[in-house]
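Working notes for the structure below.
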Amino acid sequence: MTSATNDIPTASDIEAAAGRIAPHAIRTPLLTSPVLDARVGGRVFLKAENLQRTGSFKFRGAFNAVAQVAETRPGATIVAASSGNHAQGIAAAAEICGCKAVIVMPADAPEMKLANTRGYGAAVITYDRATEDRVAIANAIREDRDGVFIHPFDNAHVIAGQGTAGREIMEDLAARDVRADSILVCCAGGGLAGGIALAAQAADPDVAVHTVEPAGFDDFARSLQSGQPETNAKTSGSVCDALLVPTPGVRNFAIGKARFSDGLVVTDEEALAAVRYAFETLKLVVEPGGAVALAALLTGKAQARGRTTVAMLSGGNIDAATLARALS
């Protein structure tokens, strides 16, 4: 799997990823809340990836990719660039697989994400999110250390790993004899959304998959409207730190053009309100970037009345200051 669009993973790749990650990843629950159902006027299922190992869905794709590197290059140096959740996933996966990890992270990443990444044994190199190119920095490190770079979302093994969350959703819905009308996915570069669309639509071609992004960083929604990859004007400035990328991944946009329904956009204030709702009403800790799909439901931007909707809670790595801000 090397080129940009001819190595898009298939349902069988997601099946293989599910077997590969099963001994290490958590099969996260698909939760319901009568209170939330009543509020939106429909039936809602929440895929609680905030309870995943390392606190987000990113462990799935990271482990699927790192494990395959480790098979052919034992002890290899894995290089990654991430705002924090992919960083933690790669660091943990490298530790499990006996590899080294060097992670390029923004200097303004939440301190908890920086500390946790180092805690898994990774070396962390910080950069200025507003002025420097993290992928260029990571590639220079890869060349210097003869490492293997694993992109946070535009990587076929990563997409397949993230797709295992969609596979679980469809299996758990089928076990309850329920069919979903739509799945709302927190989106940055589109690795999770792409993987979920591949897995979910293999089981039910009619289920709609919507990306949800923070305002000002809605490159995927705009790209779906224009039919070509769009770029954000900024690379920083949102409380949804996990969702700030310049443009959709090449593979992910190819998947999205064929499979995604309209993209949804929420404000930082709406994301923080969803964090508060998750904490106070659902008794769940979710970071702002991991709460945007819930925010789309709570604001009515996602049409849920009389429908069955699955919303991803994609991460729970929130620091105390941001949680306090949401609760205030």
Inset, instruction - State whether the number of non-hydrogen atoms from other residues, nucleotides or ligands found under 6.0 Å of Arg307 atom CZ is greater than 12. - result: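 For Arg307, atom CZ is crowded (more than 12 foreign heavy atoms under 6.0 Å).
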Inset, instruction - Count the heavy atoms of every other residue, nucleotide or ligand shown that sit under 6.0 Å from CZ of Arg305, and state whether that count exceeds 12. - result: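 Open.
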Who passes side chain to side chain donor-acceptor pair (under 3.5 Å) against [X], sequence neighbours left out?
X: Asn50; answer: none
X: Thr164; answer: Arg60
X: Ser12; answer: Thr10
X: Asn232; answer: Asp219, Arg222

Give the other cluster members for [X], using side-chain heavy-atom distances under 4.5 Å between Ile, Leu, Val, Met, Phe, Trp and Tyr residues; answer none if it is isolated.
X: Val239; result: Leu272
X: Leu244; result: Phe217
X: Met112; result: none

Counting distance only, does the side-chain N/O of [X] pair as donor-acceptor with the main-chain N or O of [Y] below 3.5 Å?
X: Thr72; Y: Val69; result: yes
X: His86; Y: Ile150; result: yes
X: Lys58; Y: Pro152; result: yes

Contacts of type side-chain contact (heavy atoms from CB on, under 4.5 Å), residue [X], not counting sequence neighbours:
X: Arg43; answer: Asp37, Phe45, Val178, Thr308
X: Arg276; answer: Glu280, Leu327
X: Thr117; answer: Ala87, Gln88, Ala91, Ile103, Met105, Ala122, Val124
X: Ala208; answer: Ser182, His210, Ser261

Legend entry - Residue pair Ala254 / Ile8: nearest heavy atoms and the distance that separates them: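 Of all heavy-atom pairs spanning Ala254 and Ile8, the closest is CB-CD1, 3.7 Å.
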Inset, instruction - Of all the heavy-atom pairs spanning Ile318 and Pro288, show the shortest one and how long it is. - result: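 Heavy atoms only, the tightest pair is CD1-CD, 3.9 Å.
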Inset, instruction - Sorted by first residue and then second, give each salt bridge (charged side-chain N to carboxylate O under 4.0 Å, His left out) pair with at least one member in residues 82-107; sequence neighbours left out. - result: none
